[in-house]
There are 2 protein chains.
Amino acid sequence: MTVTLADVAARARVSPATVSRVLNGNYPVAASTRERVLRAVDDLDYVLNGPASSLAAATSDLVGILVNDIADPFFGIMAGAAQTEISGRPGAGHGGPGQSGAPHRGSPRAGGEKLAVVCNTGGSPDHELRYLTLLQRQRAAAVVLTGGALEDPAHVAAVSAKLARIADAGTRVVLCGRPPLPGPGSDVIHAALAFDNRGGGRRLTEHLVALGHRRFGYLAGPAGRTTTRHRLEGHRAALAAAGIEEDGDRLTVHGPYARRSGYDGTRELLRREPGLTAIVAANDTVALGACAALRDHGLRIPDDVSVAGFDDLPFSVDAVPALTTVRLPLAEAGARAGRLAMDREEPPPGGVATIAADLMARSSTAPPRR
Amino acid sequence: MTVTLADVAARARVSPATVSRVLNGNYPVAASTRERVLRAVDDLDYVLNGPASSLAAATSDLVGILVNDIADPFFGIMAGAAQTEISGRPGAGHGGPGQSGAPHRGSPRAGGEKLAVVCNTGGSPDHELRYLTLLQRQRAAAVVLTGGALEDPAHVAAVSAKLARIADAGTRVVLCGRPPLPGPGSDVIHAALAFDNRGGGRRLTEHLVALGHRRFGYLAGPAGRTTTRHRLEGHRAALAAAGIEEDGDRLTVHGPYARRSGYDGTRELLRREPGLTAIVAANDTVALGACAALRDHGLRIPDDVSVAGFDDLPFSVDAVPALTTVRLPLAEAGARAGRLAMDREEPPPGGVATIAADLMARSSTAPPRR
DNA sequence: CTGTTAGCGCATTCAT
DNA sequence: ATGAATGCGCTAACAG
């Protein structure tokens, strides 16, 4: 029923091995033979059997990209850039010997073509582990983990162990927007691109302090995640440096990275402290929710309350007023992670690079009204 | 090096066949034997070899979800919902005979567990075809195509042919937010969930007409795509029904579904017709860009110009003013597509269902100023 | 440069 | 309920 490599070989009057060789292009084959084979492939409409190929070669062309929330552009942008870099440019990085022959329509196999796929964990530790297992099972060529990590020790240990085994099996592991694994696990990572969440958070709050703000509300992300903690630490470092005392966690509320958290959290903050003049949100989406709550409360931005976000997602500049935030070069980081996963770029020294997070001061922040 | 099924068999003192049977759970095995095998699996930290398994079984647990732009929440929401439905609920739909035994941590294989992966085509026909081939190569269990389709006849034919072969090989093909394939290809589709883009577009413009608008600018999506065409047709149908004559394509500009298109397009429309009172955008993202351009032009929304979008993405309700748009039940549609792909839900009669698109009238639209 | 020979690891018959 | 044997389709030595 389904046409196999042997069928192609028969039609082209060569051995199966030869067909395999022209398909994989990693071995010298006479031009005339190649032509015949390619024609047979076309005639028969042959498509390589991936599982068989992977089984024999003990490796597959699958590359997994794990994201916490695919509906969040934060992840979509990173994943899209990585995927483009991985499977978007056939033939890239193939300057070696042998004739390349641009892959054509329906080509059964094009050079080092990889299938970059994104897996949505929904932020659930179980799903993260499950996808990792599934990718391990598929003998994925590489795995890219994006975004903040859970800090639960048991889960960290489980992930580290899993990644160790995955790396051990030859799969490259790259972290993007996630700090390097704590402890001894760091050497299983091919490369880690960590965002400077702490620094960004600090600069953001410094900006507000410089504007004259003293009474802050903080809309933190979900507890137990590196991103949440680092951004909050940056915020508090800035407060401490300015000699602003905090009342414990009274003006910090946690919630998912969702519009709703910002809305509800802002109402709660206002209840606890009607006199606050600035709200710092865990990310732009949360900040938007905060803005909505503020407006519904009859408060003007930034006249009555300043609002700041994080990430600088595309919609932030179009918010009204334009949102002050911290820019993260998501697309660049994703693309770099993709190249790293494909081994088309040198890992940074020590395997870890910290990506700058720059303040974008816009009109949602202003000096507090007096 | 890597532990195989045979290793597990040896340790559990059973035959490889037995191990395979307990792992796949689709065959009676004595409880005690099962226990021993499971323990061996755990002890050895065994993970099934996916390629080998797929090769022998002639099918894989991979499900592909194709999207045009992963950074666009429109696709992210659909894909996320589909993925959750497909791989997010282990054991779902398994009420059959045999003991289920909830899949546990690192389980080497859990029931009908599928690996749902999303593939980002970037809207490129080549990439679409390429991903389809790669999924075909992997013997994917199902493929879900989301979002509008290109209308170029050659590409439509190529995709149809490819899908026919994919379906023929036993892969279920589901369309989500995409009209059924034209021509005879429709029977290769397991199910198609089509958005009522035309109806939504019509109702949206009817709303504006009812408010008293007569001079419209239309920011269309990229040419040659079904979504673009249908929404535009709906718009024009409403205009025609209201007896509003159009000046050809003078007040329609095309562009990608991006904020930038909305911004640039609006400037262009304003140049062509400074007196327009309403701008209808291809989607919410474009509408946001339009709002920005309008404001930069010193025009107020909706006092000077009304603006409407499409999709009702999460940020639209938080826009200022809140965006009038057409709601598409993206998450519901994605989830349904996921169930359809898993054969956990009956296909609609005729294989095609049209999903309603409801008007969400908010504050970005109002009667034109007099 | 090309053909021959062996498996890769697992799911299935078919026996028992 | 379990074991033994066979082959899925391909790649990778090894010859020549």
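As the structure is a computational prediction, the values presented were derived from the model and not from experiment. Labels below follow one simple rule: chain letters A, B, ... track the order of the sequence lines, proteins then strands, and each chain is numbered from 1.
With hydrogens and angles ignored, the 3.5 Å screen pairs a side-chain donor or acceptor of A/R130 with a backbone N or O of B/S87.
Between B/T4 and C/dG9 there is no side-chain polar atom (N or O) within less than 4.0 angstrom of OP1 or OP2. Contact annotation: A/S20 reaches the phosphate of D/dT11 (side-chain N/O to OP1 or OP2, under 4.0 Å). Taking only side-chain nitrogens and oxygens, A/S15 comes nearer than 4.0 Å to OP1 or OP2 of C/dG3.
Put simply, the side chain of A/D61 reaches to within 4.5 Å of the side chain of B/Q138, judged on heavy atoms. Using a 4.5 Å cut-off on side-chain heavy atoms (C-beta onward), A/L115 and B/Y131 make contact. Between B/V3 and B/D45, the closest side-chain pair of non-hydrogen atoms is not below 4.5 Å. Using a 4.5 Å cut-off on side-chain heavy atoms (C-beta onward), B/T171 and B/L135 make no contact. Counting only heavy atoms from C-beta outward, the side chains of A/P182 and A/V156 approach each other to under 4.5 Å.
In this entry the distance linking CG of B/L48 with P of C/dG9 reads 12 Å, nearest Å. A/N26 places its CG atom 11 Å from the P atom of D/dA13, with the value rounded to the nearest Å. Rounded to whole angstrom, the span from the CG atom of A/L23 across to the P atom of D/dT11 amounts to 7 Å. Going from atom CG of A/N24 over to atom P of D/dG9 covers 17 Å, rounded to whole Å. One interatomic measurement links the two molecules: CD of A/Q138 to C1' of C/dG9, which rounds to 13 Å at whole-angstrom precision. Between A/D61 atom CG and D/dT11 atom P the separation is 11 Å, expressed in whole Å.
Closest contact between the side chain of A/N49 and the listed nucleotides C/dA11, D/dG9, C/dT2 involves D/dG9. Of the candidate nucleotides D/dG9, D/dG3, C/dG3, D/dG3 has the atom lying nearest to any side-chain atom of B/V14. Minimum atom distance to the side chain of A/T18 is reached by C/dG3, of the listed D/dA1, D/dG3, C/dG3.
By the side chain to side chain contact (heavy atoms under 4.5 Å, CB included) test, A/A191 is found to be paired with A/L340, A/P347, A/P348, residues two or more places apart in sequence or in another chain being considered. Considering only residues two or more places apart in sequence or on other chains, A/A17 meets the side chain to side chain contact (heavy atoms under 4.5 Å, CB included) condition with A/S15, A/R21. Evaluation of the side chain to side chain contact (heavy atoms under 4.5 Å, CB included) rule for A/S54 yields A/S60, B/P51 as partners, not counting sequence neighbours. For B/R139, there are no salt bridge (charged side-chain N to carboxylate O under 4.0 Å, His left out) partners at least two apart in sequence or on another chain.
Contact annotation for A/A17: base contact, defined as any heavy-atom pair under 4.0 Å involving a base atom. Among the protein residues, A/T33 comes within range of the sugar-phosphate backbone only, with heavy atoms under 4.0 Å from sugar or phosphate atoms but none that close to a base. In this structure, A/L55 reaches the bases: a heavy-atom distance under 4.0 Å links it to at least one base atom across the strands shown.
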Please enumerate all protein N or O atoms sitting under 3.5 Å from an N or O of nucleotides 14-16 of chain C, with distances to 0.1 Å.
none

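Note that the two end axes of the helix from C/dC1-D/dG16 to C/dT16-D/dA1 enclose an angle of 20°, each drawn from 5 base pairs, rounded to 10 degrees.
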